[in-house]
Amino acid sequence: QVHLVESGGGLVQAGGSLRLACVASGRPHMVKAMAWYRQGPGKERELVATITGDNRSTSYNDSVKGRFTISRDYDDNTLFLQMNNLKPEDTAVYFCNLKEAMWGDVYDYWGQGTQVTVSS
């Protein structure tokens, strides 16, 4: 019932910036956490950044610390990823993830992904 739609991907030169957005619809009962994952060509999906459901805590993959910032509009259930100083290694499909807590259980939802390509 929860649907996630990412946007903001594209082609950018190294050193440039992009801002990704993920709109969550379907009124989840309680958002435990939201996160951005990415999967580069020939690589497994990896966690990029997370933010807790109360927006009080964030964490980042070491490779993006100091360059990326995750944030969330609580009222609109919109997740953002501000990406600065992009590197070719950041090239990947970026996926939005939402963990919903409902009736004592946790459910994972995923978006379809948005392509980010960083040229050298």
Side-chain angles (χ1 to χ4, degrees):
Q1 292 183 352
V2 175
H3 297 278
L4 306 175
V5 180
E6 302 99 332
S7 63
L11 174 64
V12 65
Q13 291 184 327
S17 298
L18 287 173
R19 193 186 194 206
L20 306 184
C22 169
V23 178
S25 62
R27 291 183 171 85
H29 284 64
M30 199 282 284
V31 177
K32 182 179 177 64
M34 295 191 74
W36 288 99
Y37 288 75
R38 68 185 180 186
Q39 186 168 20
K43 300 179 180 179
E44 65 181 9
R45 188 173 298 185
E46 66 176 356
L47 180 64
V48 177
T50 61
I51 186 167
T52 55
D54 59 9
N55 286 358
R56 291 172 61 88
S57 181
T58 59
S59 63
Y60 297 90
N61 187 301
D62 286 342
S63 67
V64 306
K65 286 182 178 178
R67 300 189 298 119
F68 291 10
T69 302
I70 188 171
S71 62
R72 175 171 170 252
D73 185 316
Y74 186 87
D75 292 331
D76 293 339
N77 281 327
T78 303
L79 184 72
F80 300 96
L81 184 67
Q82 179 66 46
M83 304 185 295
N84 297 327
N85 300 316
L86 283 161
K87 303 176 180 180
E89 303 93 281
D90 297 319
T91 296
V93 178
Y94 284 71
F95 298 91
C96 178
N97 170 263
L98 182 152
K99 293 185 181 295
E100 178 193 34
M102 182 171 61
W103 307 121
D105 209 347
V106 178
Y107 301 86
D108 274 305
Y109 299 91
W110 296 89
Q112 295 298 311
T114 184
Q115 177 70 49
V116 172
T117 302
V118 184
S119 62
S120 59

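Numbering starts at 1 and runs along the sequence shown. Source: prediction; values computed, not measured.
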Are [Y] and [X] linked, directly or through intermediate hydrophobic residues, by side-chain heavy-atom contacts shorter than 4.5 Å (ILVMFWY only)?
X      : Y      : result
Tyr107 : Leu79  : yes
Val23  : Met83  : no
Val2   : Trp110 : no

Mind checking salt bridge (charged side-chain N to carboxylate O under 4.0 Å, His left out) for Asp108 and listing every partner two or more places apart, or none if nothing turns up?
->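 Counting only residues at least two positions away or on another chain, Asp108 forms a salt bridge (charged side-chain N to carboxylate O under 4.0 Å, His left out) with Lys99.
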Would you please name every residue forming a side-chain hydrogen bond (donor to acceptor under 3.5 Å, both in side chains) with [X], sequence neighbours left out?
X      : value
Ser59  : Thr50
Thr91  : none
Thr117 : Gln115
Asp105 : none

Please output the side-chain donor-acceptor pairs of residues 30-42 that fall under 3.5 Å, not counting sequence neighbours, one pair per line with the distance.
| residue | atom | partner | partner atom | Å |
| --- | --- | --- | --- | --- |
| Trp36 | NE1 | Phe80 | O | 3.3 |
| Arg38 | NE | Glu46 | OE2 | 2.8 |
| Arg38 | NH1 | Asp90 | OD1 | 3.0 |
| Arg38 | NH1 | Tyr94 | OH | 2.9 |
| Arg38 | NH2 | Glu46 | OE2 | 3.2 |
| Arg38 | NH2 | Ser63 | OG | 3.2 |
| Gln39 | NE2 | Lys43 | O | 3.0 |

What residue pairs, at least two apart or across chains, pass salt bridge (Lys or Arg N to Asp or Glu O under 4.0 Å) with a residue in residues 10-23?
-> none
Roughly how far, to the nearest 0.5 Å, is [atom2] of [Y] from [atom1] of [X]?
X     : Y      : atom1 : atom2 : answer
Leu47 : Phe95  : CG    : CZ    : 13.5 Å
Ile70 : Ser57  : CD1   : OG    : 10.5 Å
Ser25 : Gln1   : OG    : CD    : 10.5 Å
Leu18 : Thr114 : CG    : OG1   : 9.0 Å

Under the disulfide (SG to SG under 2.5 Å) rule, what pairs show up with a residue in [range], not counting sequence neighbours?
range          : result
residues 28-91 : none
residues 52-95 : none
residues 39-76 : none

Sorted by chain and number, sequence neighbours left out, side chain to side chain contact (heavy atoms under 4.5 Å, CB included) with Ser17 holds for Gln82, Asn84
State, with a plain yes or no, whether a side-chain heavy atom of Leu98 is found less than 4.5 Å away from one of Asn77.
-> no
With a 4.5 Å limit on heavy-atom distance, are the side chains of Thr69 and Tyr60 in contact?
->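 Contact flag for Thr69/Tyr60 side chains = yes.
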Kindly list each side-chain donor-acceptor pair under 3.5 angstrom involving residues 4-16, sequence neighbours excluded, with atom names and distances?
| residue | atom | partner | partner atom | Å |
| --- | --- | --- | --- | --- |
| Glu6 | OE1 | Gln112 | N | 3.1 |
| Glu6 | OE1 | Gly113 | N | 3.0 |
| Glu6 | OE2 | Cys96 | N | 2.8 |
| Glu6 | OE2 | Gly113 | N | 3.2 |

Which atom of Asn85 lies closest to which atom of Arg67, heavy atoms considered | O-NH1, 2.9 Å
